There are 4 protein chains.
Amino acid sequence: MKLGFIGLGRMGQAMAQRLLTAGHALTVYNRTPGKTQALIAAGAHGVSDIAGACAGQDAVVTMLADDAALREVVYGDGRLLAALPAGSIHIAMGTHSVAMIEELAQAHARVRQTLIAAPMLGRPEVVAAGQAGIVPAGPADALERCRPVFDAIGRQSFVAGSDPTAAIAVKLANNFVLGCAVEAMGEGFAMTRKFGVDPKVFLDVLTQGLFAAPAYKVYGDIIAREAYDEVGFTATLGLKDINLALAAAQSVGVPLPSGNVYRDRLIGALAHGEAERDWAVMARDQARASGLVD
Amino acid sequence: MKLGFIGLGRMGQAMAQRLLTAGHALTVYNRTPGKTQALIAAGAHGVSDIAGACAGQDAVVTMLADDAALREVVYGDGRLLAALPAGSIHIAMGTHSVAMIEELAQAHARVRQTLIAAPMLGRPEVVAAGQAGIVPAGPADALERCRPVFDAIGRQSFVAGSDPTAAIAVKLANNFVLGCAVEAMGEGFAMTRKFGVDPKVFLDVLTQGLFAAPAYKVYGDIIAREAYDEVGFTATLGLKDINLALAAAQSVGVPLPSGNVYRDRLIGALAHGEAERDWAVMARDQARASGLVD
Amino acid sequence: MKLGFIGLGRMGQAMAQRLLTAGHALTVYNRTPGKTQALIAAGAHGVSDIAGACAGQDAVVTMLADDAALREVVYGDGRLLAALPAGSIHIAMGTHSVAMIEELAQAHARVRQTLIAAPMLGRPEVVAAGQAGIVPAGPADALERCRPVFDAIGRQSFVAGSDPTAAIAVKLANNFVLGCAVEAMGEGFAMTRKFGVDPKVFLDVLTQGLFAAPAYKVYGDIIAREAYDEVGFTATLGLKDINLALAAAQSVGVPLPSGNVYRDRLIGALAHGEAERDWAVMARDQARASGLVD
Amino acid sequence: MKLGFIGLGRMGQAMAQRLLTAGHALTVYNRTPGKTQALIAAGAHGVSDIAGACAGQDAVVTMLADDAALREVVYGDGRLLAALPAGSIHIAMGTHSVAMIEELAQAHARVRQTLIAAPMLGRPEVVAAGQAGIVPAGPADALERCRPVFDAIGRQSFVAGSDPTAAIAVKLANNFVLGCAVEAMGEGFAMTRKFGVDPKVFLDVLTQGLFAAPAYKVYGDIIAREAYDEVGFTATLGLKDINLALAAAQSVGVPLPSGNVYRDRLIGALAHGEAERDWAVMARDQARASGLVD
């Protein structure tokens, strides 16, 4: 396919690289130009403005940090919405708000373009290894046309439905279930530590039993070692994420009480100067509430 | 070893059978006599009172449903505390309260007996297959002497420490982390269902990704199919269990906010006549709060 | 009326004094004998055992600290249940658990005695001033017979119903609403302090507006001045109380999520060595969670 | 003073009327022109654009429904920020977000204007009766200059500080404490109803005791009568409000766990089609969770 790609942070670069490797014709744009060099060396066509990445493409992928960045790329003269051909597809693969995706789907529809939301599951190194999951949602025919894109980037696609917001819901809910697991471990570790249990033993009980899964192994290990400076995802980002989940859930009339719990822990982390530590630091806020640390 | 065994419900029978298979000399007692027949046929010595199961033993195992049952077995003329020889060990393998175990440890110490708490991880069929985990805690020398018991019953022992309450804490915390996972899934499924996502798809996202573990596969499947009448553990028992965890945590100054959340869901289940459905019914209470079911 | 009175702590003494002043014939008993002296001087008949306080009375009032104390007074040879005449009434005016009152009502019924639960609203000095409220519940005819007792002790009776547990529910719910108000203020003060607002100003906004009531004036003032050592009711007692409320609510299928919140704050207070400060110290736990204090 | 007034909903009209009565020279503007007629008849000068309400004024008052409305009035050619003279004051009296007020304070400062935030406490009829409270915050000299405005409109001013966001914090915290009280009553009423207590009795216990204040009398009465269609403030607005409070608190590192609780109740109300009933309907969501209503 003829593809544009906008947004070349660490995730974006890993994804674009896989598209190139799979043989797609790729035009790349990034606000900070240096990030396109490796891809151009690998065969991508580099352009210096957004319009150049959109003109004449079958589809354009955006992989942007947040709603504000997406908004800036999409709206305005020479931006995505104006430059993408009618009949073409915008595949938004970042984690955005439901409200943003809803608005964007309508904006694209008005100019006979199609929006697919297809957030990524997994970190850059997982993407690079071809092991990432993708959660696409959008009109069935558009999903069908974009299948080669998803096949090239990820290991598996989980089609969430025909409304792009469904993909956002799945992505946010997956992260939410993870946040709950981290919080639950934080509470369990605090309790067992107070009874004198070696955190390593409790970690073994969990991960060699009912919880023999990456979520518990990775985050349980961080909590057991109190290694909150090995940062995969900051408390600040975790807070942004749960706020997106809470807003999405509110929009469809769903309370998320467990989400409230870990959101409060992340706010506690911020209040104690730990905004840039790994979001597992919510376990440290639990330990603080339990009088285990200051 | 010369062992007594008191409490032959489904778990107790599976455990006693494994002790026999491993060659231990086993004297069995149950309040309802019928439950000892299979074990006697397999070589156990059956007795008709508690004292008979305690006299002359190296150790006696109790596997009882709750504190009330344990209390009745232990205290009084001709009961465990009176009949067990000095120097002998009481291995309490049921799930009891921290307060009960603390009191019991002192009562045994006063008559120069030793208490080990060693709650089981896993259901009867897991025990029968020799795949259960055990969490023993107690004085190191007593643990060492009882190692053959644990080796015979389970796949693996996770030693929680020298104070028996530490084992209770680990067991309750493990169940607590499970309850939190079930609740988190309940919230995630409610949210994604409201966005029109097929529960099967969300289940796949979870269990083929970060949550590829029994806790999520078993309970996620029940929730996705709304199969709350496939009862492994009732809402009533789940509520009893989280109350034990909350009391244990309170006793050492640890709040369990995520536990509050799922306790409230279980109470909601009770309020709606669902006390005897599987405790995953907390997900149904979440669905009710979200307007998905009545 | 011919009345017995058992339990002469500060509340009990104030109540008994009012019964004497109103002209009732009062026989008093307390485990610690010294506490009856002032009452005997004022005309009460002092006795040295529980049976003596029960024999021949129309009714006997108990004002005891908790279930354990009540249990000890009621059951056993020469205790209340054995010594009270058939047809007579036990008025339990302490704050007890629903489970205890339920059990006790049945025990009394079996020996043709009647139980009224009639917990007090208000502190000893309020009782002494004749300004306390009383929440009686029990069979209508027994309530009618005991009306002179309630009229003598308090300013106003709020009849909760014909089942004694209803009175417990009202008393616990009233305390619960108070706990929620204290917690809400704790959160509001933490938030406004972080915005640089003088606590005195926020206190004025509350108590000169929608919240011009004792609950807010008394506890708002303690929180604004951080005067947690002016102890009216300790964190330990507050925790005991909310646990009674949560158990009562569970027994009828009612979640109390706001109760969970302040229970966790009280546990946090305990974890930080503040068990014996005023229960308004939950606001300090909130301040700690917000990074305002250590 | 020479004053402009923008935003003449029910609150705005009541406030503007009081300014006229106090003798201020008032120029009024509303997007829907009809709303200015009564004020013009009472001596106000009516204008047809925002600039006309700002030009030459000592200060201009805005009383707008939300951030979006304020944003539209402030920014753009011929709008407030452009038309207000340097040295003049913008008194924002609506309930806005902390983020909006922060941004606006900076925008005004850049063009040498001053922002005061001065949210109102009380409903239109309370304002009309001269009984409303006002919470102003801003630079001390600007507050001093605007004192005649506040004296004319309200009964009492509670100065929150020199940063306009402090006023927002106080206003949101006051509403938050109210929401918590409503939720606490909802929980208490559900519990006592399940024990068979007449809601009127529990209401009396509360409002004739510790909670003899408008918050409890007004909302307790609505809950006791289940009169959720007597709408003072809708569930939708209540939800908007608690979201503002949660965002404000997050921005300064303060968790509001009691706010989470009632936010979830309001979301439950929305999920059950009760968005436009009075926000006391959170008590109905609690009753639903308790199996009392469907």
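Just so you know, these numbers use all the heavy atoms, side chains as well, and skip hydrogens, waters and symmetry mates. Lettering of chains follows the sequences in order, A, B, ..., and the numbering in each one begins at 1. None of the values given here were measured: they were computed from a predicted structure.
Taking both residues in full, the closest heavy atoms of C/A213 and D/A213 are given as CB-CB, 3.5 Å, listed atom of the first, atom of the second, then distance.
Heavy-atom distances place the backbone of C/V159, and not its side chain, under 4.5 Å from chain D. Residue C/L121 touches chain D through its side chain alone, counting heavy-atom pairs closer than 4.5 Å. Both the backbone and the side chain of D/A248 come within contact range of chain C, with heavy atoms under 4.5 Å apart. In this structure, the portions of C/F211 lying under 4.5 Å from any heavy atom of chain D include both its backbone and its side chain. At a 4.5 Å heavy-atom cutoff, the contact between C/V252 and chain D is made by backbone and side-chain atoms alike.
You'll find the side chain of C/V177 reaches within 4.5 Å of the side chain of D/F202, heavy atoms only. Under the 4.5 Å side-chain criterion, counting only non-hydrogen atoms from C-beta, D/F195 is not in contact with C/V170.
Counting heavy-atom pairs closer than 4.5 Å to chain D, the top-ranked of the candidates C/C180, C/A167, C/A215, C/A249 is C/A215. For chain C, the option among D/G196, D/G209, D/A212 with the highest count of heavy-atom pairs below 4.5 Å is D/A212. Comparing C/G186, C/A287, C/G179, C/P255 by heavy-atom pairs within less than 4.5 Å of chain D, the highest count is held by C/P255.
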For a quick check, list the donor-acceptor atom pairs closer than 3.5 Å between chain C and chain D, or say none.
{"unit_1": "C/Q156", "atom_1": "NE2", "unit_2": "D/Q208", "atom_2": "OE1", "d": "2.8"}
{"unit_1": "C/E187", "atom_1": "OE1", "unit_2": "D/S258", "atom_2": "N", "d": "3.1"}
{"unit_1": "C/E187", "atom_1": "OE2", "unit_2": "D/S258", "atom_2": "N", "d": "3.1"}
{"unit_1": "C/E187", "atom_1": "OE2", "unit_2": "D/S258", "atom_2": "OG", "d": "2.7"}
{"unit_1": "C/K194", "atom_1": "NZ", "unit_2": "D/V252", "atom_2": "O", "d": "2.9"}
{"unit_1": "C/Q208", "atom_1": "OE1", "unit_2": "D/Q156", "atom_2": "NE2", "d": "2.8"}
{"unit_1": "C/L210", "atom_1": "O", "unit_2": "D/A215", "atom_2": "N", "d": "3.1"}
{"unit_1": "C/A215", "atom_1": "N", "unit_2": "D/L210", "atom_2": "O", "d": "3.0"}
{"unit_1": "C/Y216", "atom_1": "OH", "unit_2": "D/Y216", "atom_2": "OH", "d": "2.4"}
{"unit_1": "C/V252", "atom_1": "O", "unit_2": "D/K194", "atom_2": "NZ", "d": "2.9"}
{"unit_1": "C/P255", "atom_1": "O", "unit_2": "D/Q286", "atom_2": "NE2", "d": "2.9"}
{"unit_1": "C/S258", "atom_1": "N", "unit_2": "D/E187", "atom_2": "OE1", "d": "3.1"}
{"unit_1": "C/S258", "atom_1": "N", "unit_2": "D/E187", "atom_2": "OE2", "d": "3.1"}
{"unit_1": "C/S258", "atom_1": "OG", "unit_2": "D/E187", "atom_2": "OE2", "d": "2.7"}
{"unit_1": "C/Q286", "atom_1": "NE2", "unit_2": "D/P255", "atom_2": "O", "d": "2.9"}

